[in-house]
Amino acid sequence: MKRLAAAISALESDSFETRLFDWIDGAVDSDNKTILLYPGDRPPRPLRLQAERPEVHENIETQYLAGAYLLDPFHALHADEAAPGLYTLGDVAPDQFHRTRYHAEYYARTTLVDEIVFATRPAPGLSVHVCLGRDATSGRRFSRREVAAARDIAPVLCALAHRHWQGQQPGELDRATLLHEALRDQVETTTGVALSPRQAEVALLILKGHSSLSIGLRLGISEQTVKVFRKQLYRKCRISSQAELFTLMMPLLSGAMDLAYPA
């Protein structure tokens, strides 16, 4: 209770994040912690990073914030305006997430083996994620008992986060040029390949780790229709695998972000 009282007393002060982490440590053991602020449609902003292993946050600036975050399963909580609460990796990850190149090229290199996230929306268009991770330090996933303990504190934690960050401004929202349109422009400019809006949308969902069935459910179309779009996409790009799609698209995501959300 003393740690919670200290966190409450530190609301709207520079010491809040430290006191919040102290309180969380008393309830749920983790190897690393991250606080990310999602301002509207712009890239997330790291507010606090804490980890024993340098690999966990080593490439957060050069890869994650540069565009890879768009493929992170937890980013969908912000994009979909998910209700405040606790979410596990199993709650949000697409069915083929562990087989994606994003997982192999970025996520696995952080040495993360599991994550849980307290998500809240302190202002319209703004999300704050308090992320707890397990990495190679312990090499173990969160147990059911630990997840249950995290769920017990989630309402209080989300209320504190809402109160502390409610004055933040999300920036410009609802850009007319959506990310998949910007990616289309970037692909055509760089490779000469003209994708349809649906093909670009399917490409991003494939990169995030969604199967054809999962994409169909998300877009409200049949699995067979998704497979048609997928074949068209691969044929246009002159590729034959998801790995080749990742190699083609990942360098273009940062440029797409610049087109969609210019400074």
Side-chain angles (χ1 to χ4, degrees), residues 36 38-46 57-80 92-110 171-212 214-216 218-219 221 225-263:
L36 293 172
Y38 291 85
D41 292 330
R42 292 182 177 277
R45 189 168 80 237
H57 296 123
E58 188 172 33
N59 296 317
I60 191 170
E61 293 282 349
T62 57
Q63 288 183 266
Y64 188 80
L65 301 180
Y69 74 90
L70 293 162
L71 307 180
D72 191 303
F74 288 108
H75 175 258
L77 297 176
H78 169 67
D80 296 341
V92 300
D95 52 353
Q96 295 187 357
F97 173 63
H98 288 86
R99 296 174 60 185
T100 64
R101 287 293 294 274
Y102 166 76
H103 186 276
E105 298 291 335
Y106 177 78
Y107 196 88
R109 292 182 181 181
T110 67
E172 296 182 32
L173 306 177
D174 301 325
R175 298 271 183 167
T177 305
L178 300 176
L179 176 62
H180 63 267
E181 287 294 329
L183 183 61
R184 287 179 64 210
D185 291 341
Q186 192 72 359
V187 170
E188 185 167 9
T189 300
T190 305
T191 69
V193 175
L195 300 179
S196 70
R198 185 65 93 183
Q199 289 166 353
E201 193 172 16
V202 168
L204 283 172
L205 289 172
I206 291 171
L207 293 175
K208 289 180 179 181
H210 290 274
S211 65
S212 294
S214 178
I215 293 172
R218 190 175 182 87
L219 299 182
I221 57 180
T225 300
V226 174
K227 290 180 179 179
V228 171
F229 283 123
R230 194 167 189 154
K231 288 179 180 179
Q232 293 173 344
L233 172 68
Y234 283 14
R235 184 169 62 249
K236 277 190 176 181
C237 294
R238 298 179 182 176
I239 58 176
S240 58
S241 69
Q242 183 175 320
E244 289 179 292
L245 181 68
F246 184 94
T247 300
L248 174 67
M249 294 292 183
M250 276 305 297
L252 304 181
L253 274 177
S254 179
M257 287 298 300
D258 291 340
L259 285 172
Y261 319 120

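Just so you know, these numbers come straight off a predicted model, no measurement behind them.
Note: Leu204 CG to Ile215 CD1 = 10.0 Å, rounded to the nearest 0.5 Å. Here Ile206 contributes atom CD1 and Leu71 contributes atom CG; the two are 11.5 Å apart, rounded to the nearest 0.5 Å. Here Leu195 contributes atom CG and Leu183 contributes atom CG; the two are 7.0 Å apart, rounded to the nearest 0.5 Å.
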- request: In sequence, state the C-alpha distance, the side-chain angles, and the governing distance for Tyr102 and Lys208, and then conclude on side-chain contact (heavy atoms from CB on, under 4.5 Å).
  value: CA-CA 7 Å; Tyr102 166 76; Lys208 289 180 179 181; over 6 Å; no
task: Could you go through the side-chain contact (heavy atoms from CB on, under 4.5 Å) check for Ser214 and Leu205 one step at a time?
output: CA-CA 9 Å; Ser214 178; Leu205 289 172; over 6 Å; no
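Between Thr100 and Phe97, the closest side-chain pair of non-hydrogen atoms falls below 4.5 Å. The side-chain heavy atoms of Pro94 and Ser211, taken from C-beta on, include no pair separated by under 4.5 Å.
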Which donor-acceptor pairs under 3.5 Å do side chains of residues 58-68 form with protein atoms, sequence neighbours excluded?
{"residue": "Asn59", "atom": "ND2", "partner": "Gln63", "partner atom": "OE1", "Å": "3.2"}
{"residue": "Tyr64", "atom": "OH", "partner": "Asp72", "partner atom": "OD2", "Å": "3.4"}

Check: residues 240-253 side-chain donor-acceptor pairs under 3.5 Å, at least two apart:
{"residue": "Ser240", "atom": "OG", "partner": "Glu244", "partner atom": "OE1", "Å": "2.9"}
{"residue": "Ser241", "atom": "OG", "partner": "Glu244", "partner atom": "N", "Å": "3.2"}
{"residue": "Ser241", "atom": "OG", "partner": "Glu244", "partner atom": "OE1", "Å": "3.4"}
{"residue": "Glu244", "atom": "OE1", "partner": "Ser240", "partner atom": "N", "Å": "2.7"}
{"residue": "Glu244", "atom": "OE1", "partner": "Ser241", "partner atom": "N", "Å": "3.3"}
{"residue": "Thr247", "atom": "OG1", "partner": "Ala243", "partner atom": "O", "Å": "3.1"}

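Between Asp95 and Gly209, the shortest heavy-atom distance links the atoms OD1-O, 3.6 Å. Of all heavy-atom pairs between Lys236 and Ser196, the closest is NZ-N, 4.0 Å. What you find for Leu36 and Pro46 is that their closest heavy atoms are CD2-CA, 3.8 Å. The nearest pair of heavy atoms linking Ser212 to Arg230 is OG-NH1, 3.3 Å.
Salt bridge absent: Glu188 and Arg184 never bring a charged side-chain N and a carboxylate O closer than 4.0 Å.
Side chain of His210 to backbone of Gly216: no donor-acceptor contact under 3.5 angstrom is found.
Aromatic ring orientation, His103 versus His98: tilted (interplanar angle from 30° to 60°).
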